[in-house]
There are 2 protein chains.
Amino acid sequence: MKKGQVTITDLAKELNVSPSTISRALNNSPFISEERKKVIMDLAKKMNYSPNQLALSLLNKRTKILGVVVPEITSYYFSTAINGIQDKVGSSGYKLMISQSNESFEEEIRLMEAMALVRVDGFLISPSSNTTTFDHFEKIKSSGFPLVVFDRDCLGFEADKVVVDDYSGAFQAVEYLVKTGCKRIAHIGGAASLSTTQHRKMGYLDALAKNNVSIVDELIINGEDSSSESGVTCMLSLLNLEVIPDAVFCYNDAIAIGAMSVIRERGIQIPEEISLVGFDDEPYSSYFKPSLTSVWQPIYDLGLLSAKILLDNLMADNESSSYRYEVLKPELMIRESSKKLPI
Amino acid sequence: MKKGQVTITDLAKELNVSPSTISRALNNSPFISEERKKVIMDLAKKMNYSPNQLALSLLNKRTKILGVVVPEITSYYFSTAINGIQDKVGSSGYKLMISQSNESFEEEIRLMEAMALVRVDGFLISPSSNTTTFDHFEKIKSSGFPLVVFDRDCLGFEADKVVVDDYSGAFQAVEYLVKTGCKRIAHIGGAASLSTTQHRKMGYLDALAKNNVSIVDELIINGEDSSSESGVTCMLSLLNLEVIPDAVFCYNDAIAIGAMSVIRERGIQIPEEISLVGFDDEPYSSYFKPSLTSVWQPIYDLGLLSAKILLDNLMADNESSSYRYEVLKPELMIRESSKKLPI
DNA sequence: CTGTTAGCGCTTTCAG
DNA sequence: CTGAAAGCGCTAACAG
């Protein structure tokens with residue numbers, strides 16, 4: 001920030017009036033003569049005056065900045081959520097301070113503390129996969145910051161939350177696989193601590209159970225993380241089984257893509273021999289060969305709604321008694337990597 | 001921001017000392033007795049005091065916030081650059097205010113003005129594809145904000161800049177195609193106004209010229225944008241030519257992926273009948289079938305270096321006379337979608 | 001209609 | 001060593 005910024009007192013001196021008069025003109029208060037207002041406005045423009053938000057924030061105790069913390073920004077998933085957030089807040093004059101925790105619990109704390117110091121007006125948080133205690137959230141909350149948790153749930157922590165119904169998405173996907181005749185359906189999971197990992201696995205298990213397909217332990221693998229590399233590794237071990245699966249439901253598209261490359265290399269046909277289903281419906285997924293069946297998530301809307309709830313809280317500054325818990329519905333996008341339903 | 005934040009005066013009242021004493025203790029000034037300091041520090045911790053950065057910023061004329069504007073956040077490319085930026089500034093205590101212009105010139109102006117009001121300490125800008133005049137940059141600069149332009153060059157605007165040598169990347173790629181025996185090499189371009197589009201096309205043209213391959217107008221197509229959809233459309237029209245190309249150099253991977261799907265659908269072999277090369281080397285590109293030959297860009301480093309330059313400017317507050325112009329080198333990643341070099 | 005005063009939270013002279 | 005006072009840029013209450 002440059003020292004030479006024109007201030008309200010500069011204008012005041014220039015015109016030999018008091019700063020308050022300038023202030024009134026600038027905020028077009030009714031208690032000022034039209035001619036004076038005009039003179040002042042003209043001078044302000046001429047001298048390239050712009051109000052110092054810092055001073056205003058100090059006065060109003062409101063920065064109009066929202067703090068956003070996501071695990072990683074370099075993913076289609078979270079960047080799309082941010083997109084939704086930005087589209088929502090943009091029109092209301094709020095700015096975003098965005099940071100990524102890189103899935104680190106300590107970094108998440110550090111970032112949130114830094115944002116609290118800057119006095120952001122509120123927080124939009126998607127917790128890191130290593131966040132299992134929520135003292136830092138509690139602390140932020142009890143300091144009076146409104147806080148909305150999105151995408152990843154925090155069991156045991158009370159707050160406004162917006163999540164996707166992972167369970168339902170997984171259930172749909174796996175039930176579809178069953179209906180298309182698959183009997184040995186494997187699952188490659190994501191990072192163990194994530195609520196999404198758990199919910200998707202639950203959906204998988206319940207879909208099998210409900211459809212009387214036996215649950216086979218060796219067909220369930222938990223990846224290290226949610227990367228394509230993990231997909232490669234896990235798929236390799238699935239293909240080393242005595243009897244290989246006839247379908248694989250993957251935690252996400254990245255894993256599915258890794259798995260697909262391994263399956264293809266072995267000369268195994270998709271979906272004839274193995275059906276493959278991902279999760280997230282990333283933009284490229286439909287361009288793969290075969291195109292990937294995947295569970296689409298309303299992730300843009302997730303961001304939008306989270307931001308809306310935060311803004312609502314900010315407007316209605318009364319402490320609302322209950323928290324909102326919004327669950328958005330995902331949708332199965334059927335493509336070539338899975339078989340067609342029998343007629 | 002909650003009203004109830006503990007301030008330095010609260011502490012002062014509590015202990016019946018003056019605010020300045022508290023301030024001195026908190027900043028461990030030498031002019032204060034150890035015992036007092038300890039008492040104050042303890043109370044501060046107990047009352048959960050945290051300094052108000054707003055007040056400090058107002059005083060120091062420094063917010064320790066950097067403004068970042070990118071065309072879109074939902075792309076692997078820019079989010080990786082932001083990644084680099086954040087990794088660089090994180091350790092230095094700077095925070096990032098990030099916004100996307102959505103390739104809109106007006107939005108870019110709006111965002112930068114908003115950030116200027118917040119008094120960010122400096123700007124990191126990658127201009128939108130519709131930004132062809134730079135008055136807003138000049139204005140920001142002349143208001144005293146340091147500014148670094150990255151990834152997309154602005155001809156006619158002087159500032160610190162960090163870009164990738166698109167020309168060289170394109171040249172490498174196309175020369176490689178020539179050397180592997182391709183003779184009818186097509187090019188699908190990106191958004192016309194972008195410096196990167198122009199530079200990549202130049203590289204393409206010069207590589208052809210230098211290697212005595214004739215330049216055929218009908219083989220050069222400018223896409224509407226840089227999406228896979230555009231790749232589909234453009235590739236379709238290339239395949240409608242009397243004589244189809246034996247290679248396609250695409251502006252980016254997204255276009256190449258779209259093109260690939262069309263080529264495959266027609267039953268044309270890649271790379272035997274048509275070689276395909278992209279640009280950006282997105283993470284999925286190596287998982288496509290065939291895996292995509294692409295020009296890798298040091299985009300993370302681009303972010304890192306841009307941030308470094310901005311921070312350098314911020315440290316050395318003297319107006320340095322000359323601007324830095326850094327050009328990073330891309331690298332061709334050869335995969336299955338292009339032929340092997342003859343031995 | 002306009003100027004004076006006070007104060008947001010903090011640091012930094014300047015006097016003790 | 002410590003307190004009082006001034007000021008960062010701005011607004012709002014209070015006198016005119």
Side-chain angles (χ1 to χ4, degrees), chain A residues 1-41 43-44 47-65 116-121 143-144, chain B residues 1-41 43-44 47-65 116-121 143-144:
Chain A
M1 189 168 62
K2 184 59 177 304
K3 324 278 162 179
Q5 286 285 358
V6 189
T7 76
I8 222 170
T9 7
D10 294 334
L11 299 181
K13 275 184 198 140
E14 195 75 18
L15 294 175
N16 265 326
V17 296
S18 79
S20 14
T21 305
I22 305 285
S23 170
R24 280 190 274 260
L26 261 20
N27 300 299
N28 65 122
S29 140
F31 308 117
I32 190 169
S33 67
E34 276 305 321
E35 49 176 342
R36 221 160 223 222
K37 187 190 286 188
K38 185 168 175 351
V39 175
I40 293 176
M41 294 300 260
L43 182 69
M47 292 184 65
N48 203 11
Y49 166 83
S50 70
N52 188 327
Q53 295 288 338
L54 251 29
L56 286 176
S57 298
L58 188 58
L59 214 49
N60 303 329
K61 300 181 175 309
R62 210 152 45 75
T63 52
K64 289 236 157 196
I65 300 177
L117 288 186
V118 181
R119 299 291 196 269
V120 295
D121 285 348
S143 300
Chain B
M1 187 167 64
K2 185 60 177 303
K3 324 277 162 179
Q5 286 286 356
V6 189
T7 76
I8 222 168
T9 8
D10 295 333
L11 299 181
K13 275 184 199 140
E14 196 76 16
L15 294 175
N16 265 326
V17 295
S18 78
S20 12
T21 304
I22 306 285
S23 169
R24 279 190 272 259
L26 262 19
N27 301 299
N28 65 122
S29 141
F31 308 117
I32 190 169
S33 66
E34 276 305 320
E35 50 176 341
R36 216 155 229 223
K37 186 189 287 188
K38 184 167 176 354
V39 175
I40 293 176
M41 295 299 260
L43 182 70
M47 293 184 64
N48 203 12
Y49 166 82
S50 70
N52 188 327
Q53 296 288 337
L54 250 31
L56 286 176
S57 297
L58 188 57
L59 216 47
N60 304 328
K61 300 179 175 311
R62 209 153 44 74
T63 52
K64 290 237 158 196
I65 301 176
L117 288 186
V118 182
R119 299 293 196 268
V120 296
D121 285 347
S143 300

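Scope of the values below: all heavy atoms of this structure, side chains included, with no hydrogens, waters or symmetry mates. Quick note on labels: first sequence line is chain A, next is B, and so on, each numbered from 1. No experiment lies behind these values; they were computed from the predicted model shown.
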Practice problem: Please evaluate the base of C:dG9 for a donor-acceptor partner in the side chain of A:R119 within a cut-off of under 3.5 Å? | Solution: no
Rounded to whole Å, the CD1-C1' distance (B:I32 to C:dT12) equals 15 Å
Side-chain atoms of A:R36 come closest, of D:dC10, C:dG3, C:dC10, to C:dG3
Give a yes/no on whether any side-chain N or O of B:T21 is located under 4.0 angstrom from OP1 or OP2 of D:dG3.
yes
Rounded to whole Å, CD1 of A:I8 lies from C1' of C:dG7 at a distance of 15 Å
- Does any N or O donor sit under 3.5 Å from an N or O acceptor when you compare the side chain of B:S33 with the base of D:dT2? no
Rounded to whole Å, CG of A:L54 lies from P of D:dC10 at a distance of 10 Å
Checklist entry - Any chance the side chains of B:S18 and B:T21 put a donor and an acceptor closer than 3.5 Å? => result yes
| message | Can you tell whether the side chains of B:K38 and B:E35 come within less than 4.0 Å, N to carboxylate O? | response | no
query = C:dT11 phosphate, OP1 or OP2: any side-chain N/O from B:N27 under 4.0 angstrom?
reply = yes
(request) Examine distances only and state if a side-chain atom of A:S23 and a backbone atom of A:P19 form a donor-acceptor pair shorter than 3.5 Å. (result) no
- prompt: For C:dC1, does OP1 or OP2 lie under 4.0 Å from any side-chain N or O of A:K37?
  reply: no
Do any N or O atoms from the side chain of B:S57 and from the backbone of B:R62 form a donor-acceptor pair under 3.5 angstrom? yes
- [ ] Dump the intermediate steps for side-chain contact (heavy atoms from CB on, under 4.5 Å) on B:K37 and B:S33, then the final yes or no.
- [x] CA-CA 6 Å; B:K37 186 189 287 188; B:S33 66; over 6 Å; no
Taken to the nearest whole Å, CG/A:L59 to C1'/D:dC10 is 6 Å
Separation of D:dG9 atom P from A:M47 atom CE, nearest Å, is 13 Å
I want to check one thing: is the phosphate of C:dT11, taken as OP1 and OP2, less than 4.0 Å away from some side-chain N or O of B:R24? no
Applying a 4.0 Å non-hydrogen cut-off, can you work out what A:P51 is touching in the nucleic acid: base, sugar-phosphate, or nothing? sugar-phosphate
In whole angstroms, the gap separating P of C:dC8 from CZ of A:R62 amounts to 18 Å
Whichever of B:S18 and A:I22 has the more 5' nearest nucleotide on DNA chain D, that residue is B:S18
Do the side chain of A:S23 and the base of D:dA12 come within less than 3.5 angstrom through a donor-acceptor pair of N or O atoms?
-> no
Taken to the nearest whole Å, CG/A:L58 to P/D:dA12 is 14 Å
Atom CG of A:N60 and atom C1' of C:dG9 are separated, to the nearest Å, by 14 Å
A:T7 near the nucleic acid: base, sugar-phosphate alone, or nothing, with a heavy-atom cut-off under 4.0 Å?
-> sugar-phosphate
